[in-house]
Every structure is written in structure tokens, then in C-alpha cells.
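See below for the structure under consideration.
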Amino acid sequence: MRGGKKKVVSKTASSVAIVEAKTHDNNVVTIEAPIVSSYNDRIRPLLDTVDRLRNLNVMREGIQLPTIVVVGDQSSGKSSVLESLAGISLPRGQGICTRVPLVMRLQRSSSPEPEIWLEYSDKVVPTDEEHIAEAISTATDVIAGSGKGVSDTPLTLHVKKAGVPDLTMVDLPGITRVPVNGQPENIYEQISGMIMKYIKPQESIILNVLSATVDFTTCESIRMSRQVDKTGKRTLAVVTKADMAPEGLLQKVTADDVSIGLGYVCVRNRIGEETYEEARKQEELLFKTHPLLSMIDDEIVGIPVLAQKLMFIQATMISRCLPEIVRKIDEKMETAVLELNKLPIVMASTKEALMALMDIIGSAKESLLRILVQGDFSEFPDDHNMHCTARLADMLSQFSDDLQAKPQEDVTEFLKDEIKVLEECKCIGLPNFIPRSAFLTILSQHVDDIHVKPVEFIKKIMDYIEVVLSSVITIHSENFPQIQSPIKRAGRNLICKIKEQSVNRVAQIVEMEKLTDYTCNPEYMTSWTEKTGAQQSFIDTVLNDSRKPENFSLAGFGNVKISHLRKYHAHLLHQAFDMKMRITSYWKIVLRRIVDNLALYLQISVKYLVNSQFQKEIVAEMVDPRAGGGVEKMLEESPSMASKREKLKNSIKLLKESKEAVAAIVDQSSGFGDH
Ligand code: GDP
Ligand code: MG
């Protein structure tokens, strides 16, 4: 036997059963058989667990498993390497043979009878050594069609046999640049996409199969593995066909031009109709006796070495990954359960639906009450538009400023309107009485000038409340998408009604100001007295000043023009001046009163809307069969909700099974993860 004492090779099996362990400094040491079996006993349960997780398809939940992925250019010898490891025949040869990911699960068995079976799309197909190639071809045809196309649905081949190493590997289709006859045009993209999906996760070990006959730097598989593993720390290279190109092979693997972190293993696979035993013997002989190949270090040649390296790498990787996998399963399970619990229960009767509806309305109403009336916006800390009391106050204060903004007094037309109105309202009577009708006419003109503003203001408020109402309804009915539109429609109808009422009411508030000139506010008299103080000197300057000045400087009005007033009688000027001062003093009070009234009205109408109208209106709409019977709609679960529920249930089932699968080894896990 080659290598002297370094290896313990079991001759009982047709293939290899190499056992070896490594110390921390990576020196290979020989282990005697009993210790060997204890090493395997420790690794086996971990391997079984990972394989069980793989069968459960836990990767579907985004949990990556440590996997040895076999990649290589077409005809580099991937299938041959797997054959050598498993001691079985795989479809082999020119052209594309591997067309789907083939998961090879090799299991050491003590029984002399090998057990071999295929698993794919819920099918278990038993087979035997003679018929494997055929069975794989048939299964591949079922999965990927009988043409030359590829598919990424995996096919699992179980080989339980004495002497095989405990390994699980994935064989992927070889990379072809140019589609062969009958292959889809985008075959390269399809295959490279599939390979990337498998080699990208950090948990994957890349077994890069390179033919000794080619220049490694030109290999497509090297190019791809370097994209995801630059330093090569999870890449192991197998160099096949050592027999065909022995020249320079030693230099190639020692130079390591393509940075392979986990090292190289050179092999010679089965050729032609050789048996596996013959093939191993030939390989051993080749590396021992060939003048060039025998120069290569024993530690990096032969299928047995490859087998043990892979087992070691696999065990290390699994030990390293399992704690994280366990943690991820727990975490994903927790989130899935939480999410499922958040989904609404399916209603069984109208009564239940009605109760759920009342819940929605109740909680929406509470929410509205908090944000619109009480000023508690803790539900929407960052959404400023939903801080309603503040936004309403902003709108009111802007309206107030806008309404009370002083219009630019036309100093050239001073008293013109007053004189015009007085001339038309004059009657037979004493000259020092101002006709009331004249004052009301002037007041009315002032009101008409501003009357659209309060109405616009209340409309704007209602539009804003409609937006708020709609968001609140959406949030509280999100579990029942099928009733969102009728509830929202009810909300819109309600706002529409309230808007109409409010506009009428506001118009009335404004109209009231036209009808009566009254205030108990003493500021009116104070202001009027102060303003009329200048009356005599104003009249004197207009009528009696011999210099006939153009302007007069009047406190509160500026430098007003007076030259156009000289043609009027003194008593008319007195009346006009007096009226100007009355209306000026009074108008200020009127504007403030409008703002005050609107503020109070706004508050009461919001309260009324939330407290008594909201619930009534929505219930009426939802139970009205003419409006589409919203409540009945709640009995049907929406298709999107049903599929969401189904998906979550499946995930939970899978994660639960995964949890059970890992539970066993986690319990006795004090040993794992400490390599
Ligand atoms: P795959 O396309 O990468 O799966 O490559 P195969 O395993 O199908 O091998 C392609 C061809 O190379 C087949 O004809 C094999 O018999 C041959 N082959 C593979 N490995 C060796 C080897 O080590 N020595 C020799 N001489 N031929 C090999
Ligand atoms: Mg192949």
C-alpha cells in the first residue's frame, strides 16, 4: 500500500474508507480504528441533521445550509469524480449529461448490500448499481424535459453503501459557452445563474473540478468561483485526467496561479470499462510509479485523499454553521408565528362579521377622537399631517391673519364711498343724525367683500378631515381589504354631508353680521371716541384753510387726500367722517367675531362628526344591502389574505419540523462547534 503508515484503508469495500483526523496545526495523524469510529459517530448525526434540513427544503425559508458544490467546465470530469467517490456509474461522456442539480448523498453503511434510491418531486425511486445511470436519465427527463434543456429543480441520489465516505455534494451542469444543437440560446445564462445560486452563500464549499489537460487560468468555473470567493478560502480544486497530461502538473498545482485556498487534489478517474477497484489500483499505481506524477506530494493525490479532505471540510463547516442555523430557524419561526397571529380570524357568521365591523369602527373612532379632538398623536409620532389639533390650529390662525389683514386704504378716495351712500340714503330730518340705513349699507358692502373667505376656510378644513378620516379607516380595516372601499365610501359621504351643513352654517354666521350692527365690546366706543377727536380740525382744514392744502395727516389713515372734498356741505362731511370712524372701529370687532365664531363652530362640528355621525353613517352603509352588503363581504376571506395565511402555515410547519430535526443534536451539542 502506498504511503506506508499514513493511511488506514479498509479493503472491505469496493471503494474507499479512509479515516484520518487532523490536529490543530493541520498535521495529518493516523487514528486507529476504534477512535475513527467515534469520530464518525460524532459527525454522522450532524450530517444527518443537515441532510434532513436539506430534504425539508429549509433553504426555501432563506436558511443556507453548508453544502459542497461541485462545479467545473463541461467534460472536466465532475461526474467521474463523483462516481469515484461513490463507487457507482453516473451518466458520463461527451455533451451535456448533468442537466439538473444532482444532490448526491453518500452514506457509509455496515450492510454488505448497497441501497440506492432517487428522490425527486415527492417521488422515491429505488434502483441499483447497474441501473443508476438509466434512472438518473429518466428522472432528469421528467424534471427538465427530454431535450437538452436544464432545470434547477434538484434530484437527490442516495447511495448507502459500505466503504463510501459520509458526504453530501451537489453536482451541477457543466458550463458551456456555446449552445449545442437543441439547447436554448440562453443556456449559458441559465447554467451560470444556477451555479451562482449554489456557490454564492458563504456556507457553500466550492469543489472546483479542473482537467489537467487545460490551462486553469482559462477555466470558466475558476472565473465564476473567484467572483464569489476571491481569496479561495472555501474553494478546493480537484485536478482530473492526471494520466492524460502528467507534464507540468506538479508545477501547475504548486504555482497556484488561480488562488485555491483549500488546496489541490490530483486524481485519475475510472477509464472505459474498468471496475472501481481496478480504477483505484490503477490510480495508486500511477501516482506511485509515473516518473513525473510520483514527484507530487502523497498528501494531494488520489481519490481516498480527496474523500477524507472533503469529509473533514464538511464536518468543520457544519460544526461552524449549525449554531447559526438553529438561531435562524428559531428567529424565522417566531416572526412567522407572530405574523400569522396578526392575520384576522375567518368569520363564520354575519354576527361575527358585524362584531368585527363594530370593532373596526370603534377603534377608528377612538383613534379619530384622540387625534382630532384630544390632541394625542402617539399613534402617528412622525406623521405631521396626522397631528390634527395642531394642523387645525395652524389653519385657523392662518385664516384669522388673512381675514384681518388690513386692506390698502386708498388715500386718494378718502370718504368717497361714505359720501356716495349718504347721498342716496338722505331723508328729511335733522342733519346731525346719520341714517342707520346708510351705516348698514356700508357694513353690508364690507361683509360682501370678505364673505367667500370663511366659506373657503371651512371647505378646506373638511377636505383635510376627509384625508385624515380615510387614512384612519385604511389603517383600522387593513385586515379586511374587501370592505375598505365601502367603508371609505361611507366616510366620504359623511364628510360630504358635514361639509354641506358647515358651509350653510358659516354662510349664516357671516350673514348675521349684515343684519345687525351690535357689540357690547367697550373697545368700539373707545376706538370711535379716539378717532372722532380729529373731526373738527379735519373739517376746518378741508373747508376753511386759506392755503387749500392737498392732503391731511390723519392718525390711523395716513396722509389722506382732501382736495376732492371741498365741494361738499359741512354737514355731509361731518356725517361721512363720523361714519368712516364708526365703521372702522366696528369692522375690527366684526372680523374678530367671525374668527371666534368659526373657531367654536369648527370644534363642535368635529366633535359631532367623530362622536355621533361617524359610527351611524358607516354602520348604515355597511349593512345596507343596496350598497353592496359590506358585512357579507367580510365573510369571504380575500384571495390574497388566504394565500398569505397558507404560505405562513406552510412555513411554520417546515420550520417546526426543522426545529425538531435540530433539537436532537442541539441537546447533545456540548461537543459541536468546538473544532
Ligand atoms: P463532466 O461533464 O464534467 O461531468 O465530465 P465527465 O465526468 O462526464 O467526463 C468527461 C470525459 O472525461 C469522460 O469521457 C470521462 O471518461 C473522461 N475522464 C474523466 N476523468 C478522467 C480521468 O481522470 N482520466 C481520463 N483518462 N479520463 C477521464
Ligand atoms: Mg457530468
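Residue numbers count from 1 along this sequence. Order of listing sets the numbers, starting from 1, for every ligand and every atom in it. Please read all numbers here as calculations on a predicted model, not as lab measurements.
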Task: Salt bridge flag under 4.0 Å for residues K78 and D171 - done: no
Task: Non-hydrogen atom of S76 closer than 4.0 Å to ligand 1 - done: yes
Task: Which segment of D243 sits under 4.0 Å of ligand 1 when only heavy atoms are counted - done: side chain
Open item on the list: Please compare E83, K241, K78 and report which has the shortest non-hydrogen distance to atom 11 (C) of ligand 1.
Closed with: K241
- [ ] Check whether more than 12 heavy atoms from other residues, nucleotides or ligands sit under 6.0 Å from atom NZ of K328, and answer yes or no.
- [x] yes
TODO: Under 4.0 Å, heavy atoms only, figure out whether ligand 1 is touched by the backbone of M244, its side chain, both or neither.
DONE: side chain
Task: Salt bridge flag under 4.0 Å for residues D330 and R327 - done: no
TODO: Could you say whether the N/O atoms of S75 and ligand 1 ever approach to under 3.5 Å?
DONE: yes
- [ ] Scan E113, E129, E115 and name whichever one has a salt bridge (charged side-chain N to carboxylate O under 4.0 Å, His left out) with K161.
- [x] E129
Open item on the list: Within a 6.0 Å radius of atom CE on M295, are there more than 12 heavy atoms belonging to other residues, nucleotides or ligands?
Closed with: no
- [ ] Flag S80 as yes when one of its N or O atoms lies below 3.5 Å from any N or O atom of ligand 1, and as no otherwise.
- [x] yes
Open item on the list: Under 4.0 Å between a side-chain nitrogen and a carboxylate oxygen: does that hold for D229 and K200?
Closed with: no
Open item on the list: Within ligand 1, which atoms have a heavy atom of R268 less than 4.0 Å away?
Closed with: 23 (O)
Task: Side chain, backbone, both or neither: I271 near ligand 1, heavy atoms under 4.0 Å - done: side chain
